[in-house]
Amino acid sequence: MTTDELLEWDQTHLWHPYTSTTHPQQTYPVASAKGCVITLEDGRELIDGMSSWWCAIHGYSHPILTSAITEQADHLAHIMFGGLTHRPAVELGKLLVERILPEGMDRLFYSDSGSVSVEVALKMAIQYQLAHGRRGHTHFATISRGYHGDTWHAMSVCDPVTSMHSLFSGTLPAHYFAPQPRCAFGAEWDPDDLRPMRELVAVHRDELAGIIVEPIVQGAGGMYFYHPMYLEGLRALCDEYDLLLIFDEIATGFGRIGELLATYFTDIKPDIITIGKAMTGGYMTLACTVTTQEIADTICSGEAGCFMHGPTFMANPMACAVSKASIELLLSQDWRGRVRHIEQKLRDGLTPLQELSGVREVRCLGAIGVVEMKEPVDMERLIPDFVEEGIWVRPFGRLVYLEPQFMAITDDQLDRLIDGLSHVLRAHDR
Ligand SMILES: *Cc1c(COP(=O)(O)O)cnc(C)c1O
């Protein structure tokens with residue numbers, strides 16, 4: 001197949017995320033990717049500003065990760081997890097418990113994608129309430145502008161306006177939404193920020209199983225960073241009303257925001273954590289839902305006698321092996337220093353864009369730099385210009401953002417990302 005034939009087949013037959021078959025989006029054929037450079041079939045090279053949506057952190061085709069996965073493929077690529085276990089699953093679990101997760105959060109359920117790990121978390125909370133005899137506690141409270149995945153219950157706790165609620169209304173389980181926290185990360189804390197959530201929980205106390213949020217960083221729902229004290233307030237509310245507190249750390253986990261988990265920006269622990277995305281360094285899909293022994297044992301003491309879930313590809317050995325290698329590689333280096341350095345460079349480089357008439361706000365946290373525009377951007381015009389600049393940046397809505405592979409990107413590559421992005425936004429601002 002020539003590249004043109006490949007593209008034509010792709011446009012005719014393959015759906016890409018959120019695309020139409022009648023008006024397909026332009027797609028760029030990737031021949032290879034190494035480090036932070038994506039090479040297209042026509043030979044053009046793009047510096048990666050997206051980490052393939054939070055996932056890749058060490059650079060594409062990292063020799064250590066590649067050998068972890070190929071060695072694993074050589075002797076055990078996959079095996080069912082029902083009734084069987086294996087070293088990669090156990091060793092990864094031990095590493096997560098000993099080095100990544102908060103103390104006491106040591107009961108793990110592996111699954112094959114972030115959305116599924118959120119479904120698992122919500123089911124855990126409902127089974128937990130049932131085991132305590134609290135029937136009817138099947139709803140969740142959350143905050144606006146969240147994103148938790150595209151499967152049924154996961155999308156039901158996504159932002160009700162910007163996601164698919166109106167489209168699927170009537171078929172989605174109803175949940176309760178408090179406004180997005182007003183106090184931003186780094187701003188002064190105002191305890192009044194919690195009032196709407198407190199009122200909402202008090203009203204729906206007899207229906208709620210838990211509260212689910214993305215801690216500190218709201219990702220695909222708005223790239224917004226809020227105050228850690230809000231999370232401490234949620235903890236107090238959950239304790240008061242016997243609700244489970246679920247932190248969806250799928251985007252925030254594994255160092256991206258300057259801590260291994262957003263939880264560590266607070267003095268509290270949630271009851272359930274979901275992790276995914278960067279968990280395998282961008283090699284394979286793998287996620288995990290984590291809770292405490294007390295909650296796990298309570299769930300299993302209920303009517304069902306077990307936790308009711310079991311994905312076919314649960315704990316895939318190649319995914320577990322590459323995840324373990326990725327986490328060990330992360331922890332063996334000064335990830336914290338690297339993230340801090342990148343945050344400073346993003347802040348210095350992107351803040352001047354605040355003077356553009358079309359820009360509403362520039363904000364940075366960890367290895368995330370966001371330029372929020374006043375109006376939704378025209379992706380079909382912006383993306384080709386970014387490609388022309390030799391950078392891979394994919395905005396959505398009003399958000400143009402960089403989230404580079406923080407363990408791999410060089411200063412020079414980061415400068416080129418920032419300069420290319422600035423150049424395009426300035427040109428479009430005229
Ligand atoms: C990406 C994401 C999900 C969904 O993960 P998938 O692997 O795409 O199913 C859920 N929650 C958060 C916070 C995410 O960023």
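In listed order, ligands and their atoms are each counted from 1.
- When each atom of ligand 1 is checked for a heavy atom of Gly149 under 4.0 Å away, the hits are 4 (C), 10 (C).
- Classified by interplanar angle (parallel below 30°, tilted 30° to 60°, perpendicular above 60°), the ring pair Tyr226/Tyr230 is perpendicular.
- Within the 4.5 Å cutoff, no side-chain heavy atoms of Tyr224 are placed close to those of Glu372.
- Taking the six-membered ring where the residue is Trp, the centroids of Trp335 and Phe254 are separated by 6.0 Å or more.
- Near Ser113, with a cut-off below 4.0 Å to any heavy atom, the atoms of ligand 1 are 7 (O), 9 (O).
- Here atom 13 (C) of ligand 1 lies nearest to Asp248 when heavy atoms of Asp248, Ile275, Val157 are compared.
- The residue Glu249 has no part lying near ligand 1, judged by heavy-atom distances below 4.0 Å.
- Against a heavy-atom cut-off of under 4.0 Å, Glu214 is close to the following atoms of ligand 1: 13 (C).
- Heavy-atom proximity to atom 3 (C) of ligand 1, evaluated over Met279, Glu119, Lys277, is greatest for Lys277.
- Using bins of under 30°, 30° to 60° and over 60° for the plane-to-plane angle, the ring pair His139/His175 lands in the perpendicular bin.
- Below 3.5 Å of separation, one finds an N or O of Ser115 facing an N or O of ligand 1.
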Exercise for review: Run the numbers on Glu119 and Lys123 for salt bridge (Lys or Arg N to Asp or Glu O under 4.0 Å), then give the verdict.
Suggested key: CA-CA 6 Å; Glu119 301 283 336; Lys123 281 171 81 171; over 6 Å; no
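- Using a 4.0 Å cut-off between charged nitrogen and carboxylate oxygen, Asp48 and Lys34 do not count as a salt-bridge pair.
- When all heavy atoms of Lys269 and Arg235 are compared, the closest pair comes out as O-NH1, 2.8 Å.
- In terms of polar-atom proximity, Gly114 is counted as a contact of ligand 1, with an N or O under 3.5 Å from an N or O of the ligand.
- Here Tyr147 has heavy atoms under 4.0 Å from ligand 1 in both its backbone and its side chain.
- The atoms of ligand 1 that sit less than 4.0 Å from any heavy atom of Ala251 are 15 (O).
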